[in-house]
Each structure stands twice: as C-alpha cells, then as structure tokens.
Amino acid sequence: MTAAAPDAWLVFEDKAGFSMTPPTVRTWSRRGRTPVVRVRGCSRRRLSVAALACHKPGERSRLIYRPCPDARPDGRKCFSWQDYRDLIQTAHQQLGSPMVLVRDNLNTHLTAGMRRYLAERDWLTVYQLPPCSTDLNPVEGIWSVLRRTTTANRAFADPHDLITTVRRGLRQLQHRHDVLDGCLTGTGLTMTTLRIQGQ
C-alpha cells in the first residue's frame, strides 16, 4: 500500500501459459510400477491466462482472471493491451475501491494506449516490478498451485478440455482465500505488513 491510497486494494498482475502437454508431478504407486500419463498426438495448442491477486487488510483476498485461447477471431495469440485494460476495469468494478497495481515490464503494458488509459484513472496507481523478480509476485504462486494440482498428470483430450480444466482450477482457487493469502506470504509480505504500510 502507499500513503496516497491507504484504503486501496493491492493488486498483483501476471500472465501464464498452459499447454496440452500436462505438467508431471510426483505421485504414489506400487514399487516398480511407475505411473504413466499417455498423451495422444502432439498438439501445440495453448491457453494464456492473465490473473490479478487482490489483497487488502481486513478483506478476503480475491482472484480475478481472464483466459485467452491461442485461436482467436482476430488471429492474435496473446493478450493485447485492451485485454489487460478490460481486466483492470473488471477488477475495479468488482472491488469498488482504488487500486495499487503491481506488475512486470511486459511490452504490452508499456504501449501508448495503455499509458493513456492509466493516466486517465485517478483510482489507479501502477508500479512496475524490477526485472527477474517473479518471487515478489504472489500470482506466480497461484500458477504453481494450479500446475501441481488441477492440471498435474492430466492428459487433455482436446483444447476445450484444457480450457475447461484450467477454468475449473481457477474457480476453485477463488474460494480458497487461505491459499491466496499463502501465495502472498510466500513473497515475504503479510497482511500485517500491508496494514502498517497503508496507515
């Protein structure tokens, strides 16, 4: 939090990609019988997801996200600055308070259109994370949880199955406020720290 916005939500933003090839994690089985995940074909279809981890002292942590399949009508395979703008706008409508947005230096974040949008919002303060500082972003922890649980050791039948699975995992995490708080704590920050800094 900053002194300029003591009642603001601290919002971290990040994007991740999920592919048809499932992440493998450790599991249990009988000795000598290694579990095998069989995957048909070698599809390179991917799903990109942008997410916001929202924290505020005295409030339950929130997770707001937006998926972006790699097959879009306009031919784009990644998020545009308008997609990020719409996600930020959605978060503001849901949170109903000023926001302090913390994110990386992705080139899409630095476009002229995005800079104009940010300059026109008095309820929004933006800070850029230093390069190579993913350990300071709790959304990275959310991606890690998702890959170790919902999508782990899972052979996806088709791109629709991938999208459905990732969405289901994210919806479940939206109700796991303890997990969201844990991802924040993993960065070295705590809700107590945020409350003190916000006063």
Novice: Side-chain donor-acceptor pair under 3.5 Å between S61 and H177, yes or no?
Specialist: no

Novice: K56 side chain to D7 main-chain N or O, any donor-acceptor pair under 3.5 Å?
Specialist: yes

Novice: Give the intermediate values and the outcome of side chain to side chain contact (heavy atoms under 4.5 Å, CB included) for residues V179 and L173.
Specialist: CA-CA 7 Å; V179 175; L173 285 173; 3.9 Å; yes

Novice: Once side-chain hydrogen bond (donor to acceptor under 3.5 Å, both in side chains) is applied, do any residues pair with S144, and if so which ones, sequence neighbours excluded?
Specialist: R148

Novice: Identify the heavy atoms of P67 and L47 that sit nearest to each other, and give their distance.
Specialist: CB-CD1, 4.0 Å

Novice: Side chains of L63 and I142, heavy atoms from C-beta outward: is any pair under 4.5 Å?
Specialist: yes

Novice: Looking at A91 and L52, what are the two nearest heavy atoms and their distance?
Specialist: CB-CD1, 3.5 Å

Novice: Please give me the minimum heavy-atom distance between V100 and A8, naming the atom from each residue.
Specialist: CG2-CB, 3.9 Å

Novice: Taking all non-hydrogen atoms of both residues, which atom of A51 and which atom of W143 are closest, and how far apart?
Specialist: CB-CH2, 3.5 Å

Novice: Using the ring-ring contact (aromatic ring centres under 6.0 Å, His included) rule, collect all pairs that involve residues 92-111, keeping only residues at least two apart or in two chains.
Specialist: Y84-H109, H92-W123

Novice: Can you pull out every salt bridge (Lys or Arg N to Asp or Glu O under 4.0 Å) where at least one residue sits in residues 88-109? Sequence neighbours excluded, please.
Specialist: E13-R103

Novice: Just by distance, no angles: are the side chains of N137 and T134 close enough, under 3.5 Å, to form a donor-acceptor pair?
Specialist: no

Novice: Could you check whether any side-chain heavy atom of I88 comes within less than 4.5 Å of a side-chain heavy atom of L124, counting everything from C-beta outward?
Specialist: yes

Novice: Salt bridge (Lys or Arg N to Asp or Glu O under 4.0 Å) with R176: which residues, sequence neighbours excluded?
Specialist: D178

Novice: Quick one: does any side-chain atom of T151 pair with a main-chain N or O of L146 as donor and acceptor, under 3.5 Å?
Specialist: yes

Novice: Answer yes or no: is there a donor N or O on one side and an acceptor on the other, between the side chain of D86 and the main chain of D83, under 3.5 Å?
Specialist: no

Novice: Applying side chain to side chain contact (heavy atoms under 4.5 Å, CB included), can you list everything that pairs with T164, at least two apart in sequence or on another chain?
Specialist: H160, R168

Novice: Test of understanding: with side-chain hydrogen bond (donor to acceptor under 3.5 Å, both in side chains), list the residues that count as partners of Q94, not counting sequence neighbours.
Specialist: none

Novice: Working note: V49 + V166, criterion side chain to side chain contact (heavy atoms under 4.5 Å, CB included); need CA distance, chi angles, decisive distance, verdict.
Specialist: CA-CA 9 Å; V49 182; V166 172; 4.0 Å; yes

Novice: Would you check if T187 and D135 make a side-chain contact, meaning some heavy-atom pair closer than 4.5 Å?
Specialist: no

Novice: Stepwise, does the side chain to side chain contact (heavy atoms under 4.5 Å, CB included) test hold for M99 with L10?
Specialist: CA-CA 6 Å; M99 292 167 44; L10 182 60; over 6 Å; no

Novice: Keeping to residues at least two apart or across chains, list the salt bridge (Lys or Arg N to Asp or Glu O under 4.0 Å) pairs with something in residues 121-132.
Specialist: none

Novice: Which atom names give the shortest non-hydrogen contact between R62 and L180, and what distance separates them?
Specialist: C-CD1, 3.9 Å

Novice: Decide yes or no for H55 and V11: does some side-chain heavy atom of the first lie under 4.5 Å from some side-chain heavy atom of the second?
Specialist: no

Novice: What pair of heavy atoms forms the shortest contact from G141 to C183, and how long is it?
Specialist: C-SG, 3.5 Å

Novice: Would you please name every residue forming a side-chain hydrogen bond (donor to acceptor under 3.5 Å, both in side chains) with Q174, sequence neighbours left out?
Specialist: none

Novice: Going by heavy atoms in the side chains, are F12 and L184 under 4.5 Å from each other?
Specialist: yes

Novice: Going by salt bridge (Lys or Arg N to Asp or Glu O under 4.0 Å), name the pairs with one or both residues in residues 155-166, residues two or more places apart or in two chains.
Specialist: R154-D161

Novice: Identify, with sequence neighbours excluded, every residue that meets side-chain hydrogen bond (donor to acceptor under 3.5 Å, both in side chains) alongside N105.
Specialist: Q128

Novice: Should W9 and P98 count as side-chain neighbours, where that means a heavy-atom distance under 4.5 Å?
Specialist: no

Novice: Hey, does the Lys NZ or Arg CZ of R147 hover above the aromatic six-ring of F18, less than 6.0 Å from the centre and inside 45° of the axis?
Specialist: yes

Novice: For a 4.5 angstrom cut-off between non-hydrogen side-chain atoms, does F156 reach T165?
Specialist: yes

Novice: Output a table of donor-acceptor pairs, distance under 3.5 Å, between side-chain atoms of residues 111-120 and any protein atom two or more places apart or on a different chain; print 'none' if there are none.
Specialist:
{"residue": "T111", "atom": "OG1", "partner": "T108", "partner atom": "O", "Å": "3.4"}
{"residue": "T111", "atom": "OG1", "partner": "M114", "partner atom": "N", "Å": "3.3"}
{"residue": "R115", "atom": "NH1", "partner": "L110", "partner atom": "O", "Å": "2.3"}
{"residue": "Y117", "atom": "OH", "partner": "Q89", "partner atom": "OE1", "Å": "2.5"}

